[in-house]
There are 4 protein chains.
Amino acid sequence: MARDATGGTGSGEQGARPAPAGAVPERLLAEATRLFAERGYDRTSVQEIVAAAGVTKGALYHYFGAKDDLLHEIYGRVLRLQTERLEAIASSAAPVEERLAEAAADVVVTSIENLDDTKIFFLSMHHLGPDQQKAVRAERRRYHERFRGLIEEGQRAGRFRPEASADLVADFFFGSVHHLGTWYRADGPLSARQVAAEFSDLLLHSVRLP
Amino acid sequence: MARDATGGTGSGEQGARPAPAGAVPERLLAEATRLFAERGYDRTSVQEIVAAAGVTKGALYHYFGAKDDLLHEIYGRVLRLQTERLEAIASSAAPVEERLAEAAADVVVTSIENLDDTKIFFLSMHHLGPDQQKAVRAERRRYHERFRGLIEEGQRAGRFRPEASADLVADFFFGSVHHLGTWYRADGPLSARQVAAEFSDLLLHSVRLP
Amino acid sequence: MARDATGGTGSGEQGARPAPAGAVPERLLAEATRLFAERGYDRTSVQEIVAAAGVTKGALYHYFGAKDDLLHEIYGRVLRLQTERLEAIASSAAPVEERLAEAAADVVVTSIENLDDTKIFFLSMHHLGPDQQKAVRAERRRYHERFRGLIEEGQRAGRFRPEASADLVADFFFGSVHHLGTWYRADGPLSARQVAAEFSDLLLHSVRLP
Amino acid sequence: MARDATGGTGSGEQGARPAPAGAVPERLLAEATRLFAERGYDRTSVQEIVAAAGVTKGALYHYFGAKDDLLHEIYGRVLRLQTERLEAIASSAAPVEERLAEAAADVVVTSIENLDDTKIFFLSMHHLGPDQQKAVRAERRRYHERFRGLIEEGQRAGRFRPEASADLVADFFFGSVHHLGTWYRADGPLSARQVAAEFSDLLLHSVRLP
DNA sequence: GATGAATGAGACTTCATTCAT
DNA sequence: AATGAATGAAGTCTCATTCAT
């Protein structure tokens with residue numbers, strides 16, 4: 001009962017932890033993200049998360065009402081980030097081709113830089129409650145529509161093939177992006193920027209008028 | 001009495017059984033596929049599967065050694081199907097552009113026709129044991145390489161842009177295909193063939209020399 | 001209803017149990033009844049119940065969907081018993097005074113013979129879900145009304161004091177009965193029949209015309 | 001962030017806070033009484049009590065050593081009140097019949113006026129520690145004996161039926177009183193005084209010589 | 001071939017309580 | 001006098017799997 005002044009991990013069940021730094025909620029989110037990406041939401045127990053963060057279960061439930069609140073928070077983080085960036089790029093003054101190319105490259109780069117979030121996003125959506133799922137889908141939908149708008153703009157401007165369905169092109173491209181998590185390796189031969197450049201190039205070639 | 005009455009003398013819990021036809025193992029696989037796609041592997045209990053198939057747990061364990069054997073079997077089914085078809089198309093005598101276009105369209109059509117399998121494939125891989133996972137990845141890899149071979153062939157033949165990385169193009173395209181499960185709806189406005197035609201078209205535009 | 005005399009000794013929590021006889025669901029109900037009466041619903045853990053019954057938690061949840069299903073079942077048992085007996089007595093051909101006296105004595109005797117159920121009834125109602133609670137109250141209400149009917153019949157027949165509120169008399173008497181659990185001891189000086197005779201006598205004196 | 005916001009600086013989650021007035025310990029006791037009566041001791045968390053009282057947990061533990069100290073204090077309050085009043089009534093100079101009638105009516109009135117305490121008394125006794133329980137029972141016993149004394153006095157004085165067991169009569173009557181909490185409603189048709197008059201009347205009829 | 005009662009481990013969550021501030 | 005982050009133990013329930021029949 002009297003707590004050890006050592007402040008070490010001392011309490012039961014965890015081993016020698018590197019005692020991660022930072023505030024508790026942030027540590028919990030960081031470890032949860034890592035673990036969810038590594039082995040999936042359902043194969044990660046709350047116990048593993050708190051052990052990795054160097055706290056106890058009570059601490060987690062002090063900050064998060066339930067395990068899936070962690071998921072929700074992780075989703076919110078990446079959605080906010082990507083939405084903001086797309087908004088900035090899409091509303092710049094550059095020609096539409098350049099804006100589309102940059103938006104495409106950017107979503108690839110941020111997806112790779114936050115590859116854990118990207119993986120989790122598509123692996124674990126079904127673990128959210130119906131309302132949370134609806135909210136995430138709605139936000140995702142807005143993102144999709146903003147991106148599609150760029151394609152339509154290019155078609156109206158006579159730069160992109162008019163017979164392509166803008167909606168389908170967006171789904172086509174985002175499928176590629178969302179699957180980065182299944183094959184991209186940070187320690188592989190390709191940098192994030194290289195992949196971004198190639199993906200962006202492929203997209204532009206697929207819609208541009210010859 | 002019991003809320004979740006498994007009970008009684010064997011007359012229990014029929015309920016909304018859709019009178020499943022066919023042999024028991026096939027019924028089990030069919031219902032498992034439907035349920036895994038609908039709510040994920042881990043959110044589907046063995047009890048739900050056997051109830052949907054109209055049998056009892058003992059029957060399931062008579063045919064399958066464990067729950068993840070169902071998953072493994074589902075994976076095997078779709079992998080065999082797609083590998084066979086790709087093989088047939090790629091080795092035909094048509095020009096390489098036509099063969100790539102047809103292969104691309106075909107994988108879209110079969111993915112949509114087996115949309116449940118497609119969904120499960122990427123949602124639930126981490127539930128397989130390490131060995132099974134390795135086996136699936138290896139098979140997937142062969143498929144990937146056969147497809148990439150077509151692109152390289154087209155490049156050597158001077159029909160496709162030589163600067164594109166064939167590997168990356170394949171990952172780009174398969175990402176799009178694998179994500180069909182997240183947005184395609186059978187009751188939506190697009191037929192499988194329409195999506196296939198457009199996706200194939202986008203791929204060809206993205207690699208063909210102008 | 002009469003309690004299994006098997007139990008007895010069991011002070012240990014697990015391991016070498018006296019292996020209570022009978023079917024598993026009945027054993028679980030019997031032990032749950034004993035423990036709930038002894039220390040209250042909430043101070044009794046599922047673990048304690050299954051240990052007393054000599055089975056595991058899984059077995060309990062095989063038969064009962066939740067802990068409070070045990071409570072519901074216990075309630076149902078005693079309600080059915082008392083309702084049946086009151087019905088039989090009230091509809092006999094004896095004079096109304098005799099029928100009321102017998103009904104009063106009978107509810108005392110059965111309450112004492114099932115003293116654990118009686119205790120639980122009033123201690124733990126708030127642990128039922130809203131719907132179950134409503135069902136129990138409705139059944140209890142029917143019982144109350146049948147009993148009150150006897151008093152009203154006696155008033156109409158000119159045998160009981162007309163100024164007494166039959167409703168209030170019923171509540172008055174049942175209060176006494178329901179509180180038997182707080183003071184009656186099987187090993188005390190009074191037999192169930194003695195208490196029944198006195199309570200019945202007090203009730204009759206309180207309503208009879210002088 | 002946290003679903004169950006324990007709340008920021010005091011601006012969080014007011015909602016339906018009835019702007020509690022008075023000193024902190026009194027507010028805590030008042031809210032605890034209300035909540036215990038409404039949903040039971042064990043279904044009421046310390047967090048709910050402090051939220052209702054508009055303070056934090058630290059404040060509660062500053063004034064009360066433990067959760068069940070609240071219960072003990074509530075018990076003490078109602079026991080003191082009823083003991084004092086009985087003492088005053090029983091030792092007056094009126095004839096014994098009048099004193100018994102008045103004591104009976106008074107305990108009904110004070111029970112109804114403090115209906116929450118009455119409910120808690122019998123619902124939550126088993127949450128006290130053994131010593132506290134013993135103390136409460138002893139105090140209760142004294143009350144019972146004082147009341148029984150009135151009945152015996154009336155029997156000796158030749159006003160009450162000598163064959164009735166005074167002890168049993170007291171248990172009979174207090175059962176009725178203690179169960180008021182299960183059926184009496186402040187917004188119902190009966191005033192506290194009406195119930196008191198009828199109960200007192202029933203008691204007197206049940207013991208008085210014809 | 002098939003049953004379903006029973007297991008046992010582990011999951012998420014709650015909560016009274018403590019203590020540095 | 002009061003805070004609220006953090007603890008740690010205990011709670012209820014789920015579920016894949018086994019085995020005697």
Side-chain angles (χ1 to χ4, degrees), chain A residues 1-3 5 7 10-13 23-25 42-50 54-68, chain B residues 2-10 12-13 24-25 42-50 55-70, chain C residues 23-25 42-50 54-69, chain D residues 2-10 12 23-25 42-50 55-70:
Chain A
M1 314 296 166
R3 203 131 59 70
S11 57
E13 55 201 16
V24 170
D42 41 291
R43 301 284 255 229
T44 305
S45 73
V46 168
Q47 180 54 43
E48 288 170 318
I49 297 169
V50 298
V55 297
T56 60
K57 276 188 267 199
L60 188 152
Y61 283 95
H62 184 68
Y63 293 105
F64 300 93
K67 188 187 177 188
D68 64 15
Chain B
R3 182 184 284 172
D4 157 77
T6 314
T9 53
E13 65 175 50
V24 168
D42 42 289
R43 303 284 254 232
T44 304
S45 72
V46 168
Q47 178 55 41
E48 287 170 318
I49 297 169
V50 299
V55 298
T56 59
K57 284 193 226 176
L60 187 151
Y61 281 94
H62 183 72
Y63 292 108
F64 300 91
K67 187 187 176 189
D68 63 14
D69 278 11
L70 289 166
Chain C
V24 170
D42 40 292
R43 301 285 256 229
T44 305
S45 74
V46 167
Q47 180 54 43
E48 288 169 319
I49 297 168
V50 298
V55 297
T56 60
K57 274 187 270 196
L60 187 152
Y61 284 97
H62 183 68
Y63 292 105
F64 300 93
K67 188 186 176 188
D68 65 17
D69 274 13
Chain D
R3 184 184 282 172
D4 157 77
T6 316
T9 53
V24 170
D42 42 290
R43 303 285 255 231
T44 304
S45 72
V46 167
Q47 177 56 39
E48 287 170 317
I49 298 168
V50 298
V55 298
T56 60
K57 285 193 223 173
L60 188 151
Y61 282 94
H62 183 71
Y63 293 107
F64 299 92
K67 187 186 176 188
D68 64 14
D69 277 11
L70 289 166

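We use all heavy atoms of the structure for the numbers below, so side chains are in, but hydrogens, waters and symmetry mates are not. Chain A is the first sequence line, chain B the second, and so forth, proteins listed ahead of strands; every chain is numbered from 1.
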Tell me which nucleotide among [options] gets nearest to the side chain of [X].
X       : options               : answer
B:Val46 : F:dA2, F:dA16, F:dT12 : F:dA16
C:Val55 : F:dT17, E:dT7, E:dT17 : E:dT7
B:Lys67 : F:dT17, F:dA2, F:dT7  : F:dT17
D:Ala59 : F:dC13, F:dA6, F:dT3  : F:dT3
B:Ser45 : F:dC15, F:dC13, F:dA2 : F:dC15

Atom pair [atom1] ([X]) and [atom2] ([Y]), whose distance is rounded to the nearest 0.5 Å:
X       : Y       : atom1 : atom2 : result
D:Ile49 : D:Lys57 : CD1   : NZ    : 11.0 Å
A:Asp42 : B:Arg43 : CG    : CZ    : 8.0 Å
B:Tyr63 : B:Leu70 : OH    : CG    : 13.5 Å

Please list, pair by pair, any protein nitrogen or oxygen found under 3.5 Å from a nitrogen or oxygen in nucleotides 18-21 of chain F.
none

Take atom [atom1] of [X] and atom [atom2] of [N], then tell me their distance rounded to the nearest Å.
X       : N      : atom1 : atom2 : value
D:Asp69 : E:dA16 : CG    : P     : 14 Å
C:His62 : F:dC13 : NE2   : C1'   : 15 Å
A:Arg43 : F:dA16 : CZ    : C1'   : 11 Å

### Message
Output the pairing pattern of DNA chain F as a dot-bracket string, 5' first, Watson-Crick or G-U wobble with both distances under 3.5 Å, | for cross-strand pairs, [ ] for crossing pairs.
### Response
.||||||||||||||||||||

### Query
With sequence neighbours excluded, what pairs up with C:Thr56 under the side chain to side chain contact (heavy atoms under 4.5 Å, CB included) test?
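So C:Thr56 forms a side chain to side chain contact (heavy atoms under 4.5 Å, CB included) with C:Ala59.
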
### Which residue lies more 5' along DNA chain F, comparing A:Leu60 with B:Thr44 via nearest heavy atoms
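Residue closer to the 5' terminus by nearest nucleotide: A:Leu60.
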
#### Entry: Given DNA chain F, 5'-ward residue of the pair D:Tyr63 and B:Asp68, judged by closest heavy atom
D:Tyr63

